[in-house]
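Notes follow the structure.
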Amino acid sequence: MAGPDRVTMIKERLEKALSTTRIAVVDESHLHAGHAGTKSGGGHFSVTIVSDKFTGQSMIQRHRMVYLAVDDLMRTEIHALSIKALTPEEV
Amino acid sequence: MDAMERIKNTIEKNPIVIFMKGTPEFPQCGFSMRTAEALKACNVEFAFVDVLAEPEVRANLPAYSHWPTFPQVFIDGELIGGCDITLELFQKGELQTMAQEAVKEK
């Protein structure tokens, strides 16, 4: 896909919103080729994030923080996110 | 009854419910499939809603639950999570306990 690469876009939003100490974003769209969701153009991504901001937050809250940070992309570029959200102590 | 009310009823009436793409027997998405498999492996009865067959539910549930994607699993009226969290709870053995407790209460 042309334009700014989606992995970079996702990474930048998450770094900014969550002050990540470590982050990895992997495009796994190829694993889901032919799947109904990929027809609309949204990709599947796997993200691993380490952030202090997750401290004291439940899993649900952490995932919601991640979704919120990429909210606008969820409507277009992202069909599904696989999320691993850890605090620095949990690494 | 409007979609929001139907969603609320479904979540409150069923101790365990999964909103998924397809059905547990014929899932239409890998994430829905893996999540439904984990629930099946808990050996309890659970309800499901196929959001592909219920476009209104599909459109409104994310706003209701503050969760943008499917599947979504609710136990005792509360969102447990999507695929990642449900599978993690299953691997830790916590999902089985939560599911069995939820069914026992009814």
Side-chain angles (χ1 to χ4, degrees), chain A residues 6 9-10 13-14 17-18 23-51 54 57-87 90-91, chain B residues 11 16-23 26-38 50-55 58-95 97-99 102:
Chain A
R6 295 192 287 188
M9 272 166 71
I10 294 169
R13 308 267 163 132
L14 293 171
L18 300 168
I23 180 164
V25 179
V26 181
D27 188 342
E28 295 188 332
S29 304
H30 62 284
L31 297 178
H32 307 273
H35 167 301
T38 57
K39 280 186 209 136
S40 58
H44 289 68
F45 300 88
S46 165
V47 301
T48 306
I49 302 163
V50 180
S51 168
F54 294 141
Q57 306 285 344
S58 71
M59 297 256 276
I60 279 270
Q61 287 165 329
R62 294 178 191 191
H63 283 228
R64 280 195 175 125
M65 289 161 76
V66 173
Y67 284 131
L68 194 65
V70 293
D71 187 47
D72 56 326
L73 302 177
M74 290 305 298
R75 286 160 236 256
T76 51
E77 306 296 335
I78 304 174
H79 171 68
L81 267 190
S82 177
I83 301 169
K84 250 203 180 92
L86 306 166
T87 66
E90 291 167 347
V91 177
Chain B
I11 291 170
I16 308 169
V17 57
I18 174 173
F19 292 86
M20 63 183 290
K21 292 182 178 170
T23 68
F26 298 99
Q28 300 296 317
C29 161
F31 296 98
S32 286
M33 179 183 78
R34 289 196 288 279
T35 310
E37 287 299 325
D50 175 2
V51 298
L52 297 179
E54 303 253 9
R58 185 181 184 181
N60 287 285
L61 183 62
Y64 178 91
S65 60
H66 306 288
W67 196 265
T69 56
F70 297 97
Q72 299 189 19
V73 175
F74 291 78
I75 296 184
D76 280 335
E78 252 186 78
L79 178 66
I80 295 307
C83 179
D84 291 326
I85 297 180
T86 305
L87 290 191
E88 194 173 325
L89 290 171
F90 180 71
Q91 275 150 17
K92 287 189 196 156
E94 290 174 23
L95 185 70
T97 314
M98 288 163 75

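A note on names: the letters A, B, ... follow the listed sequences, proteins ahead of strands, and every chain is numbered from 1.
- The side chain to side chain donor-acceptor pair (under 3.5 Å) test applied to B:Asn60 returns no partner, not counting sequence neighbours.
- In terms of heavy-atom proximity, A:Ile60 sits nearest to B:Leu79 at CD1-O, 3.5 Å.
- Heavy atoms from other residues, nucleotides or ligands lying under 6.0 Å from CD of B:Glu78 number 12 at most.
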Please table the atom pairs, donor to acceptor, closer than 3.5 Å between any side-chain atom in residues 81-93 of chain B and protein atoms at least two apart or in another chain.
unit_1: B:Asp84; atom_1: OD1; unit_2: A:Ser82; atom_2: OG; d: 3.1
unit_1: B:Asp84; atom_1: OD2; unit_2: A:Ile83; atom_2: N; d: 2.5
unit_1: B:Thr86; atom_1: OG1; unit_2: B:Gly82; atom_2: O; d: 2.6

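- The side-chain contact (heavy atoms from CB on, under 4.5 Å) check on B:Thr23 picks up B:Glu25, B:Phe26, B:Phe48, B:Asp50, with sequence neighbours excluded.
- Among residues 65-74 of chain B, the residues having any heavy atom closer than 4.5 Å to a heavy atom of chain A are, in sequence order, B:Ser65, B:His66, B:Trp67, B:Pro68, B:Thr69.
- For A:Leu68, no part lies under 4.5 angstrom from a heavy atom of chain B.
- Only the side chain of A:Met74 has a heavy atom closer than 4.5 Å to any heavy atom of chain B.
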